[in-house]
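This report refers to the structure that appears directly beneath it.
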Amino acid sequence: MRVNLLHPWPTSVAEAEAVQERLRPSVELTGPTAFATVAGLDVHYHGDEELTAAVVVLSAATLEVVEQAVAHGRAAFPYVPGLFAFRELPALVQCLERLTVTPDLLVCDGYGLAHPRGFGLACHLGVLTGLPALGVGKTPFVGSCEPPAPERGAWTPIVLEGAEVGRALRTRDGVKPVYVSQGHRIGLGTACGQVLRLSPHARLPEPVRRADRLARHGR
DNA sequence: GCGACAG
DNA sequence: ATCTTGTCGC
């Protein structure tokens, strides 16, 4: 699929923040409720700046792999909380461009709306591709939430400035929750439903686990 | 000033 | 993110 990464790439914190502010109004918080194919995206770092990005497209019905791609590169921005996406975006976009199929949903490793400026990696990838996207984080990063009940499926809202920007969602009984937020063209309930459905036996959704494995081990 | 801070 | 084994439980 084709993706247009913005030209010139930001070279300062102020420029990167300005990009987020400029793209944020494009985020749509409603969209499809069912998806035939789902892509997981992740990045593995080796050394200081070198990285491998991976995308794995699965059939939503069977969780079988449809297609996958990797891209090697360097972190494209220093690590600044809130600007995390700028490190990985070029390599992730390159992965997506190597796909011959267009996935119906992007499952990103990180946050979407649950972000200091309401524009995390999942929003950024969603807006650049125009595809529905959601973010799954492994740690609470922004806002506040109560721990959900210990049963799989239990959730609590992540609240930021009085608004629900995501949910802490238990995907396995008695295991730490994941933190789900909308990226683009998806409702929060749909996003959580997809994460649950895509995580039948592990804490993290299968597409993200596959992408993580591909980025780390090349398989 | 110090700690916190998606990956 | 990364440095890292075995172990317990489903």
Side-chain angles (χ1 to χ4, degrees), chain A residues 10 13 16-17 19-20 23-24 27 40-56 70-95 106-128 133-145 150-153 158-161 165-184 188 191-192 195 199-218:
Chain A
V13 166
E17 288 177 349
V19 170
Q20 292 180 330
L23 294 181
R24 179 173 55 179
V27 168
L41 301 97
D42 196 19
V43 170
H44 175 68
Y45 290 84
H46 24 286
D48 238 14
E49 296 289 281
E50 287 179 59
L51 55 79
T52 301
V55 56
V56 179
V70 298
H72 302 286
R74 299 197 140 261
F77 206 80
Y79 177 66
V80 180
L83 299 178
F84 164 65
F86 290 94
R87 291 176 72 68
E88 308 189 339
L89 227 25
L92 288 171
V93 164
Q94 195 170 12
C95 284
L106 304 180
V107 180
C108 307
D109 186 33
Y111 281 122
L113 204 64
H115 174 277
R117 279 171 298 281
F119 198 77
L121 173 65
C123 297
H124 211 139
L125 274 168
V127 168
L128 290 186
L134 64 85
V136 181
K138 295 182 282 292
T139 60
F141 165 56
V142 73
S144 59
C145 60
E151 297 79 29
R152 167 178 158 90
I158 301 173
V159 177
L160 181 64
E161 293 164 9
V165 295
R167 288 176 185 169
L169 175 66
R170 196 85 66 175
T171 53
R172 294 196 67 186
D173 289 356
V175 173
K176 280 192 303 181
V178 296
Y179 303 87
V180 179
S181 59
Q182 290 150 283
H184 186 50
L188 183 52
C192 290
V195 169
S199 314
H201 56 250
R203 179 183 177 228
L204 292 173
E206 199 58 27
V208 172
R209 300 182 69 225
R210 303 289 306 219
D212 177 83
R213 198 180 80 174
L214 179 60
R216 307 175 103 80
H217 303 117

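Only heavy atoms go into these numbers, but all of them, side chains included; no hydrogens, no water, no symmetry mates.
For the segment residues 166-182 of chain A, no residue has any heavy atom less than 4.0 angstrom from an atom of DNA chain B. Of the residues in residues 199-206 of chain A, none lies under 4.0 Å from DNA chain B by heavy-atom distance.
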Could you list, one pair per line, each protein nitrogen or oxygen that sits under 3.5 Å from a nitrogen or oxygen of nucleotides 2-7 of chain B, together with the distance?
from: B:dA6; atom 1: OP2; to: A:Y79; atom 2: OH; distance (Å): 2.6
from: B:dA6; atom 1: N7; to: A:G82; atom 2: N; distance (Å): 3.3
from: B:dA6; atom 1: N6; to: A:G82; atom 2: O; distance (Å): 3.0
from: B:dA6; atom 1: N6; to: A:F84; atom 2: N; distance (Å): 3.4
from: B:dA6; atom 1: N6; to: A:H115; atom 2: NE2; distance (Å): 3.3
from: B:dA6; atom 1: N1; to: A:L121; atom 2: N; distance (Å): 3.3
from: B:dA6; atom 1: N3; to: A:Y111; atom 2: N; distance (Å): 3.2
from: B:dG7; atom 1: OP1; to: A:K138; atom 2: N; distance (Å): 2.9
from: B:dG7; atom 1: OP2; to: A:T139; atom 2: OG1; distance (Å): 3.2
from: B:dG7; atom 1: O3'; to: A:D109; atom 2: OD2; distance (Å): 2.9

Close N/O contacts between protein and nucleotides 6-8 of chain C (under 3.5 Å):
none

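A heavy-atom distance below 4.5 Å is found between the side chains of A:L41 and A:L106. Taking 4.5 Å as the limit, some side-chain heavy atom of A:L83 sits within range of a side-chain heavy atom of A:Q20. Taking 4.5 Å as the limit, every side-chain heavy atom of A:V55 sits out of range of all side-chain heavy atoms of A:L92. At least one side-chain heavy atom of A:F119 sits less than 4.5 Å from a side-chain heavy atom of A:V27. Between A:D109 and A:V43, every side-chain heavy-atom pair lies at or beyond the 4.5 Å cut-off.
Stem list for DNA chain B (at least 3 consecutive Watson-Crick or G-U pairs, distances under 3.5 Å) is empty.
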side-chain hydrogen bond (donor to acceptor under 3.5 Å, both in side chains) between A:E206 and A:H201, worked out: CA-CA 9 Å; A:E206 199 58 27; A:H201 56 250; 3.2 Å; yes

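Listed by chain and residue number, A:F86 satisfy the ring pair (Phe, Tyr, Trp, His ring centres under 6.0 Å) test with A:F77 (two or more places apart in sequence, or in another chain).
Here the shortest heavy-atom pairing between A:T171 and A:R203 reads OG1-O, 2.7 Å.
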